[in-house]
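Just so it is clear: chains get the letters A, B, ... in the order the sequence lines come, proteins before strands, and each one is counted from 1. Below, each value reflects all heavy atoms present in this structure, side chains not excepted, and no hydrogens, waters or symmetry copies.
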Amino acid sequence: MPKEYNHLSIEKKWQKEWERKKTFQAKSKGKKYYSLMEFPYPSGDGLHTGHVRGYTAMDVISRKRRMEDFNVLFPIGWDAFGLPTENYAIKTGIQPAIVTKTNTDNFRKQFKGLGMSFDWSREINTTDPKYYKWTQWIFLQMFKNGLAYKKKMSINWCPKDKIGLANEEVVGGCCERCGTPVEKREKEQWMLAITKYADRLDKDLDLVDYLPQIKTQQRNWIGRSEGAEIDFFCQCQKDKIKVFTTRPDTLFGVTYIVLAPEHKMVGKLLEFLKNRQEVENYIKSVSTKSAIDRMDDKKEKTGVEMKGIRVINPANGELVPIFIADYVLADYGTGAVMAVPAHDDRDFEFAQKYNLPIREVIVPKVTDQTELPRADKKTVERNAIHAIIIDPKTKKILTLRWKKFPWTTFVTGGVEGGEDVIEAARREILEETGYSELKYIKTLGGPVECHFYAEHKDENRKAHFSTIVFELASEKRAIVTEDEKNKHEVAWMSWQELKSDKNLKCAEFFIWDDRFNNPVHAFCDEGVSINSGEFNGLSSEDVKKKITEFAGGKWVETFKLRDWIFSRQRYWGEPIPTVFCENCKKRISNFQFPISNKNSKSEFSEGELANPGWIAIPEKDLPLVLPKVKNYKPTDTGESPLADISSWVNTKCPQCGGKARRETDTMPNWAGSSWYYLRYADPKNSKKFADPKNLKYFTPVDWYNGGMEHTTLHLLYSRFWHKFLYDQKLVPTKEPYQKRTSHGMILAENGEKMSKSRGNVINPDDIVKMYGADTLRVYEMFMGPFDQAIAWDTNSISGSRRFLERVWRLQFKVARGTLANEKNKALATTETLLHKTIQKVTDDIETMHFNTAISAMMILVNEFEKAEKVSREQYEKLILLLSPFAPHIAEELWQVVGNKKSLSAQKWPKADPKKMKESEVSFVVQINGKVRAQMTVPAGQTQDEAVSLAQKMPDVDKWLSGKKIVKTIHIQDRLLNFVIV
RNA sequence: GCCGGGAUGAUGUAAUUGGUAAACAUGCAGCACUCAAAAUGCUGUGAUCGCAAGGUCGUGGGAGUUCAAGUCUCCCUCCCGGCACCA
C-alpha cells in the first residue's frame, strides 16, 4: 500500500478504469437526469481555467445524481464551426477539418485528464456531415414554413481585407484583425423570423427555472412593451402615417411627428415637398454614416422638416409638421413617432434645437404623505400660487413662520376669478407681507397638482400650484392687517436652509427645487392631464387606452428583438441548402399564389413563395457537404470562398431542372448549437435528428449551465429553434432547458481578463500535472462563489492540495473492525458533525455553493484529525461526499479501505436528523445587546433556566449589580439579552 | 441614461436569513522536527488603549427601525456586468 498520495498514478489508473468499464454511459431505463454544460468551441489553445469551472460544476451535479439513483445523461461534443479555425486555415493553408480534428483530440484528452464523467459514446461534432445534415434539415423546415427569408441588410465590410465581417469580428467599430474602421455594405442576407416567437420567448420564461438575472436579461433583450398605434392622416386625407407610442396620454401635446430616414412614406411624399433637395441630401448623409459616426452623433440630434406637407393630430384636429431624423429607428415600432417635447427628453432636445412649440399636457401629481386627504372631508379644488421672493442683497428667500402650526411656507394663496397667476402672487405677497415693489423673474414651469388635507380650513384640497419667482425691488412695506400678523411672521432663509427645514409645508417642494435650480427640461413621468379636452383632470394611466380609442388607434405589443441575420460570407460553416432559379422565380410571379392560403395546391412551399426564385434542395440530398477549397479567403466582392467554385455554384434546379445557382452563404456558428442537446438523446440516428422515443425519455435538459455571455444569443436562439420544432411536433416539450445557471469568469491573477496577448493565461494542463486534476477541481470549486467573477491565485491552490493530502493521510487512522461509540468518545462528537456536514454538502451542491460545501468538509477533516481513531463508516461517508469533487482520490481511498466496487455505484449518504442535534450548545449572555459572557450549556434550556444560569456567572453579575432589568430576551440555544437601566 | 449584481481582515471569502462578525482557506510571524532546507505539526494574526484583567471601536459613507443590523428602510459614493436615441 503506497503511503504517499501520488496523484499522477491514481488519476491515470481511475481514468482508464472508468473508460474500460464504461462507468458513465447513460442507460435507457430508470429515472433520468439530463445535465448539460455548454459544449466548447475547440480552439487551438486548448481548455482554459474557465472551462474547468463550469464543467467541474456540472460533473459534480452529475456524479451526485448518479449516486442518487438517477440514470444520468451527461454528454459532450464540439461546437467546431467558426472563425478562429477558418482564420488559422487562411494563415496556414491547413484544412479546417484537419485543424478541428487536432483540436478536438486535444480537448478530449484534456477532459479525460480532468476526470469528467461524460458519456463518451454520445460525442458529437457540429462539423460532421452526419450531424450538420440535421442542422440543414431543420433550416429547411423553417424555410418551408416561411420563417427563413432573404432581405437586403447592411453588413460590416473591411475595406482593407475586402471581407465581410460578422458582428463578433467588429471591435469598437473596427476590423478585429487589421484595425481598419468598418464600413457598411448592402447585401442580401438570410434572416430567421425569431420575432414571430418574441411573445412566447418572453412569456414562457415563466415555465422555467432560470437564475433571475438570466430571465431579466432575456426579457430586456426581447424588450416587450405595450402601447398604442395611432394614425396621423395627411392633409390630403389619403396617406396616413402610423406611429407607435407608449404614452398616448400625451397625444394632445404632439407638436410634430418624426419619421426614420428609411421610412417607406418618405419616398412617397418626396414629390410633394417644397424642399425635396434638402430632404434627399439629408437621407443620403445619414445612409453613408458609419456605425462609429452614428454613435458619435448621439450627442446632438439632427433632422430636417418635410416642408409643404402636414399631418392631422387625430386628438384635436391640429395640423403639425413632419420631420425626418435619424434619432428615430426604422425597425422599431412603426418607424415613426409622434413628438411630445414637453414630456419626452429626446423630443424636447429636438424641439429646442429646431425651435418647435412645446405644449404641456401632463402635470405632476403629488399627494402629501404627512397630511393625507381624509375620506370624511369634502374636497375643494382650486388654483393656487407659491411666491418665491428673493432678496437680491442676501440671496435669501422670504418664508412665513406660522404661529398656530409648526409650519414654514412660501407666500401661498388661491387664484381669484379674472386674475392670472402673477397678479395673484403679487396680491398675496402684499396682503401677507406688505411688500409691494417686486420684480418678476420667472414662473417655474406649469402647475403641479397637489392633494392634501388642509388642517387650518378642515377640508381636503386638490390644488393646482404654480410657483412664481420675484426679486425684491425695494424693502418698502405696506401695513399688514392684524389678522394676517396673527397668522404668521416673515422669515428669510437661504435655499439650503429651506431644503433642510423639517417644518417646510410643501409636499411638492422637490419639484420646485428641481425647477428652481435646473434648466427647463421635459417632464417624462405620468401625472394628470391638462390641455387635453374632455380628458382634463384624469390621470395618465386612466386615459391611455381612452385617448387611443378616441383617436381611432389600436392597443398593441412591440418588441425590441430583431430578426436573426443568419448568413455568413464565410467558408467554415454549414452550407445553406437552397438554390436560386430565375425560371422558377418567373413561374411563381406568373402564378400569383396567395401565400397565406395553404390549401392552394402548389409545387412550391410557403418559404419558396415568400422568397421567389429561392428553392429548397430536396431533403434526400442532405447533407449538402461543404466542398474542399484551395483558398479559404473570402472573394474580392465579399462573397464566401464557395462563390469561387463554379462547379459547386452552378447546379440544377430541383424544381424545374433548369439552371440554378447555389447559395454560397453559410450558417453562423449559432446554428449547430441551437439544437445539439437534442442530438445527444440519439446521436447516431441517420433517419431522424433524434428518435421521438429517445427525446421523450431524455428531454428536456434538467440542468443547463453556461456562460453569462450566451444569455442573449445562444440561449435565446436555441429556445427559438426548440419552440419551432415543438410547433412542428418534433420535440415533446415547449422549452429545451428546465433550469439554467451561469458561472462567473475566472480572471488572471491581476484581476484582468486572461488572454494570450496579455500573457497571463494559466494552462490547466500544468496544474493537473503538478497538483493533480482533483486538486484543480477542488480549488476551482472552493475559490469563491460560483456565479461571481474571480481572480486566479496560484498560491491558494496548495490549500486544496493540502486538504486532499489530509484526507489521504486519514486512511491510516481508520479503525480496523467496528468501533463502538462508547469506546471512543471522540467518535460520538464527530458523528454529530459528520451528519451536519452531510446535510450541508448535500444542500450546497444543489444551490451551487460549492465553496461552502468544501469548507464544511475541511472542518470535518480537521475534526477527524483531532480524534484518536476514525471509524470506517465515518471515513467512507466523507469519501462519498468528496467523490463528486475529487473523484480519483475518492475512488482510490474507497478501494484502500476495502471496497471492491467503484463508489460511483454507491448511494449518496443521507443525513440522520436525530444525529445532527447537538447535546451541548455555546450560549451567549448579552447586556444591552453587548456580549458579556459565554457558557456551554445543555441544549434546550428554558428562559428561566437560562436566566438562573446566567445570573450565577460573575461576568454577568458584574454588569447587573445595582441595575434594574427592564426586559429579558431569550433565544433558545443561542442567547439571552438583559436590557438594563 | 436605464436594468441587474456588488462593496466585510493583508488576500479569496463565510455568517443557521435580524441573534457571539470574520468560519474555511491563503499569506505573514513565532515555535517544534532538521546539520540545513523543503514538507509537516503547533501557536498567533481586525484596529486601538492597557503591564494585565479588561475596555472601546469595527462589515463603503450618512440617517432610521429594533432589546439586537453585515443582514431590514431611506439617502449618498464607488466598482463590476448588460443594454443603450427602443418612442
Side-chain angles (χ1 to χ4, degrees), chain A residues 211-217 219-221 223-225 227-228 243-247 250 257-258 260 294-295 297-301 325-329 331-340 343-347 349-350 524 558-562 708-709 711-712 744-745 747 751 778-779 782-785 787-800 802-803 805-806 809 836 839-840 843 849 851-862 865 922-934 955 958 966-980:
Chain A
L211 288 185
Q213 311 92 282
I214 298 177
K215 280 194 188 183
T216 334
Q217 214 173 300
R219 287 215 156 98
N220 289 346
W221 187 265
R224 198 189 87 95
S225 77
V243 303
F244 173 73
T245 179
T246 55
R247 293 295 303 274
T250 63
I257 69 166
V258 193
R294 230 172 161 164
M295 266 193 273
D297 288 356
K298 260 185 205 166
K299 281 162 218 144
E300 189 158 345
K301 303 202 183 325
D326 67 349
Y327 81 87
V328 174
L329 305 171
D331 49 5
Y332 181 75
T334 61
V337 302
M338 57 179 228
V340 187
H343 304 296
D344 182 279
D345 288 325
R346 293 153 304 182
D347 298 341
E349 188 196 327
F350 193 80
C524 303
T558 294
F559 299 89
K560 280 202 256 183
L561 188 69
R562 306 289 146 82
M708 205 62 202
E709 70 275 19
T711 303
T712 48
M745 258 202 299
L747 307 167
V778 168
Y779 169 65
F782 181 62
M783 66 197 301
D787 54 354
Q788 235 170 73
I790 199 157
W792 181 266
D793 182 11
T794 300
N795 266 339
S796 298
I797 295 173
S798 52
S800 301
R802 272 177 220 159
F803 166 60
E805 280 175 357
R806 276 185 200 156
R809 270 183 258 125
K836 281 180 147 179
Q839 191 61 51
K840 178 137 185 77
D843 296 345
H849 294 142
N851 51 335
T852 48
I854 290 171
S855 120
M857 287 188 278
M858 286 172 167
I859 294 168
L860 181 66
V861 168
N862 291 347
E865 278 186 334
S922 150
F923 193 85
V924 161
V925 185
Q926 295 183 337
I927 315 285
N928 284 347
K930 281 192 177 161
V931 180
R932 295 302 182 191
Q934 275 181 50
D955 280 350
K958 185 172 80 183
V966 289
K967 201 170 179 181
T968 306
I969 289 116
H970 176 246
I971 311 288
Q972 197 174 58
D973 293 346
R974 208 130 268 288
L975 62 78
L976 196 61
N977 187 11
F978 294 113
V979 184
I980 59 169

So [X], base contact, sugar-phosphate only, or nothing? Heavy-atom distance under 4.0 Å.
X: A/Asn851; value: sugar-phosphate
X: A/Pro212; value: nothing
X: A/Asn220; value: sugar-phosphate

With a 3.5 Å limit on both atom pairs, tell me what [N] is paired to, counting Watson-Crick and G-U wobble, or say none.
N: B/G1; result: B/C83
N: B/G27; result: B/U45
N: B/C78; result: B/G6
N: B/U20; result: none

Can you find a heavy atom in the side chain of [X] that is under 4.5 Å from one in the side chain of [Y]?
X: A/Lys836; Y: A/Leu860; value: no
X: A/Met708; Y: A/Ile214; value: yes
X: A/Arg247; Y: A/Val340; value: no

Tell me which nucleotide among [options] gets nearest to the side chain of [X].
X: A/Phe244; options: B/A87, B/G19, B/C85; value: B/A87
X: A/Val979; options: B/G4, B/C67, B/A87; value: B/C67
X: A/Thr246; options: B/U40, B/C3, B/A87; value: B/A87
X: A/Lys967; options: B/A87, B/C3, B/C67; value: B/C67
X: A/Val337; options: B/C85, B/G12, B/A87; value: B/A87

Which value, in whole Å, describes the distance between the [atom1] atoms of nucleotides [N] and [M]?
N: B/C2; M: B/U65; atom1: P; answer: 30 Å
N: B/U77; M: B/U26; atom1: P; answer: 40 Å
N: B/G12; M: B/C57; atom1: C1'; answer: 26 Å
N: B/G18; M: B/G4; atom1: C1'; answer: 26 Å
N: B/U17; M: B/G27; atom1: C1'; answer: 32 Å
N: B/G55; M: B/C51; atom1: C1'; answer: 15 Å
N: B/G44; M: B/A53; atom1: P; answer: 14 Å
N: B/G9; M: B/A22; atom1: P; answer: 14 Å

Take atom [atom1] of [X] and atom [atom2] of [N], then tell me their distance rounded to the nearest Å.
X: A/Glu805; N: B/U40; atom1: CD; atom2: C1'; value: 10 Å
X: A/Leu211; N: B/C3; atom1: CG; atom2: P; value: 21 Å
X: A/Met708; N: B/G6; atom1: CE; atom2: P; value: 12 Å
X: A/Glu865; N: B/G41; atom1: CD; atom2: P; value: 7 Å
X: A/Lys930; N: B/A69; atom1: NZ; atom2: P; value: 10 Å
X: A/Ile980; N: B/A68; atom1: CD1; atom2: C1'; value: 15 Å
X: A/Met783; N: B/G12; atom1: CE; atom2: P; value: 11 Å

With syn defined as a glycosidic angle within 90 degrees of 0 and anti as anything else, the base of B/U17 is syn

Per the O4'-C1'-N9-C4 / O4'-C1'-N1-C2 angle with a 90° window around 0, B/G82 comes out anti

May I ask you to evaluate whether A/Gln788 reaches the phosphate of B/U13, defined as a side-chain N or O under 4.0 Å from OP1 or OP2?
yes

Counting only side-chain N and O atoms of A/Arg932, is one of them less than 4.0 Å from OP1 or OP2 of B/G55? yes

**Prompt:** Using the ring of each side chain (for Trp, its six-membered ring), is A/Phe350 parallel, tilted or perpendicular to A/Tyr327, with breaks at 30° and 60°?
**Reply:** tilted

Assign each of A/Asn928 and A/Met338 the nucleotide of RNA chain B bearing its closest heavy atom; nearer the 5' end lies the nucleotide of A/Asn928

The answer to which of A/Gly333 and A/Gln217 contacts RNA chain B further toward the 5' end, by nearest nucleotide, is A/Gln217

[X] versus [Y], closest heavy-atom pair with distance:
X: A/Leu329; Y: A/Ala260; value: C-CB, 3.8 Å
X: A/Asp955; Y: A/Arg932; value: CB-O, 3.7 Å
X: A/Phe803; Y: A/Val861; value: CE1-CG2, 3.7 Å

| said: Show, in sequence, the C-alpha distance, side-chain angles and deciding distance for A/Met858 and A/Phe782, and conclude whether the side-chain contact (heavy atoms from CB on, under 4.5 Å) test is met. | reply: CA-CA 11 Å; A/Met858 286 172 167; A/Phe782 181 62; 3.9 Å; yes

Going 5' to 3' through nucleotides 20-32 of chain B and flagging B where a protein heavy-atom sits under 4.0 Å of the base, S where only the sugar-phosphate is that close, and - otherwise, we get B--BBSSS-----

The test is side-chain contact (heavy atoms from CB on, under 4.5 Å); show your working for A/Gln213 and A/Thr711 and say whether it passes. CA-CA 10 Å; A/Gln213 311 92 282; A/Thr711 303; over 6 Å; no

**Asked** Distance-only, no hydrogens or angles: does the A/Asp344 side chain make a donor-acceptor pair with backbone N or O of A/Ala339 under 3.5 Å?
**Response** no

| said: Could you check whether any side-chain N or O of A/Tyr779 sits under 3.5 Å from a backbone N or O of A/Asp793, counting only pairs where one atom can act as donor and the other as acceptor? | reply: yes

**Message:** Using only modelled atom types and a 3.5 angstrom limit, is any donor from either the side chain of A/Lys560 or the base of B/C83 paired with an acceptor on the other?
**Reply:** no

What does the list of N/O pairs under 3.5 Å between the protein and nucleotides 48-53 of chain B look like, with a distance for each?
none

